[in-house]
Engineer: 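Take this structure, written in structure tokens, and hold onto it; I'll ask about it next.
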Amino acid sequence: MGGLCVAKTIDIYLHSVKDIKDLADIAKRMEGDVNISSGRYRVDAKSIMGIYVLDISGPVCLEIEMWKKEYEEMLKPYMVLAGESNFGK
């Protein structure tokens, strides 16, 4: 099953209103559900207004239902690297 896609969860940072808009645009190009959560809130990452209700003062969790390797490059600027904090950069 070479074309099988699996779900993936990654931690990301959103530093600005532009990041929120850009992430929503990226999520709209992805297949399946894409959700973002912070604390107890979980919203559709394809919705700019949904993302605005989240606390983005720290990392948030991005859940992608149908992960494809090509998404990694699109999300790279937002990803939290292991052992590193890029918040505030």
Side-chain angles (χ1 to χ4, degrees):
M1 294 190 219
L4 183 63
C5 297
V6 295
K8 184 163 181 135
T9 301
I10 57 172
D11 290 329
I12 62 169
Y13 281 117
L14 299 171
H15 301 288
S16 66
V17 172
K18 182 183 180 325
D19 286 350
I20 291 171
K21 181 189 176 308
D22 292 347
L23 179 70
D25 289 343
I26 290 168
K28 288 174 187 173
R29 296 194 311 249
M30 295 178 173
E31 295 179 36
D33 290 336
V34 183
N35 295 298
I36 189 168
S37 59
S38 175
R40 65 179 188 201
Y41 297 101
R42 184 172 183 240
V43 298
D44 183 352
K46 297 177 182 183
S47 166
I48 292 172
M49 293 306 292
I51 298 172
Y52 277 126
V53 303
L54 298 177
D55 176 8
I56 61 167
S57 63
V60 293
C61 181
L62 187 67
E63 305 160 15
I64 303 162
E65 180 183 54
M66 299 179 68
W67 177 257
K68 294 183 179 181
K69 186 69 177 165
E70 65 198 55
Y71 296 161
E72 187 169 347
E73 194 61 35
M74 295 189 305
L75 295 170
K76 200 172 202 172
Y78 310 101
M79 293 172 70
V80 175
L81 302 176
E84 179 178 274
S85 171
N86 68 349
F87 191 71
K89 288 186 180 179

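For the single chain, residues carry numbers from 1 onward in sequence order. Values below: every heavy atom of this structure, side chains too, minus hydrogens, waters and symmetry copies.
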Engineer: Among all residues two or more places apart in sequence or in another chain, which pass the side chain to side chain contact (heavy atoms under 4.5 Å, CB included) test with Asp19?
Structural biologist: Leu14, His15, Ser16, Tyr78

Engineer: Measure the spacing between OH of Tyr13 and CE of Met79 and express it to the nearest 0.5 Å.
Structural biologist: 13.0 Å

Engineer: Return the NZ to CE distance between Lys8 and Met66, rounded to the nearest 0.5 Å.
Structural biologist: 15.5 Å

Engineer: With rounding to the nearest 0.5 Å, note down the distance linking CH2 in Trp67 to CG in Leu62.
Structural biologist: 8.0 Å

Engineer: What residue pairs, at least two apart or across chains, pass salt bridge (charged side-chain N to carboxylate O under 4.0 Å, His left out) with a residue in residues 35-50?
Structural biologist: Arg42-Glu63

Engineer: Just do the side chain to side chain contact (heavy atoms under 4.5 Å, CB included) check on Tyr52 and Val17 with the steps written out, would you?
Structural biologist: CA-CA 9 Å; Tyr52 277 126; Val17 172; 3.0 Å; yes

Engineer: Let me confirm one number: the CD1-CD1 distance from Ile36 to Ile12, rounded to the nearest 0.5 Å.
Structural biologist: 4.0 Å

Engineer: Who are the side chain to side chain donor-acceptor pair (under 3.5 Å) partners of Lys21, not counting sequence neighbours?
Structural biologist: Asp25

Engineer: Around atom CD of Glu73, are there more than 12 heavy atoms of other residues, nucleotides or ligands at under 6.0 Å?
Structural biologist: no

Engineer: Let me see the working for Leu75 and Ile64 under side chain to side chain contact (heavy atoms under 4.5 Å, CB included), right down to the final yes or no.
Structural biologist: CA-CA 11 Å; Leu75 295 170; Ile64 303 162; 3.6 Å; yes

Engineer: Who pairs with Tyr41 by side chain to side chain contact (heavy atoms under 4.5 Å, CB included), at least two apart in sequence or on another chain?
Structural biologist: Leu54

Engineer: What closest approach, in Å, do Val60 and Ser38 show between heavy atoms, and which atom pair accounts for it?
Structural biologist: CG1-CB, 3.7 Å

Engineer: Got a second to check how far Ile26's CD1 is from Met74's CE, nearest 0.5 Å?
Structural biologist: 6.0 Å

Engineer: Specify the closest pair of heavy atoms between Ala24 and Ile48, including all atoms of both residues, with the distance to one decimal.
Structural biologist: CB-CG1, 3.5 Å

Engineer: So which atom in Ile51 and which in Ala45 form the shortest heavy-atom distance, rounded to 0.1 Å?
Structural biologist: CD1-O, 3.5 Å

Engineer: Could you check Ile10 against Val80 for side chain to side chain contact (heavy atoms under 4.5 Å, CB included), going step by step and ending with a plain yes or no?
Structural biologist: CA-CA 8 Å; Ile10 57 172; Val80 175; over 6 Å; no

Engineer: Taking only residues two or more places apart in sequence, or in another chain, which ones meet Asp22 in a salt bridge (charged side-chain N to carboxylate O under 4.0 Å, His left out)?
Structural biologist: Lys18

Engineer: Do the side chains of Glu31 and Lys68 get close enough for a salt bridge, i.e. N-O under 4.0 angstrom?
Structural biologist: yes

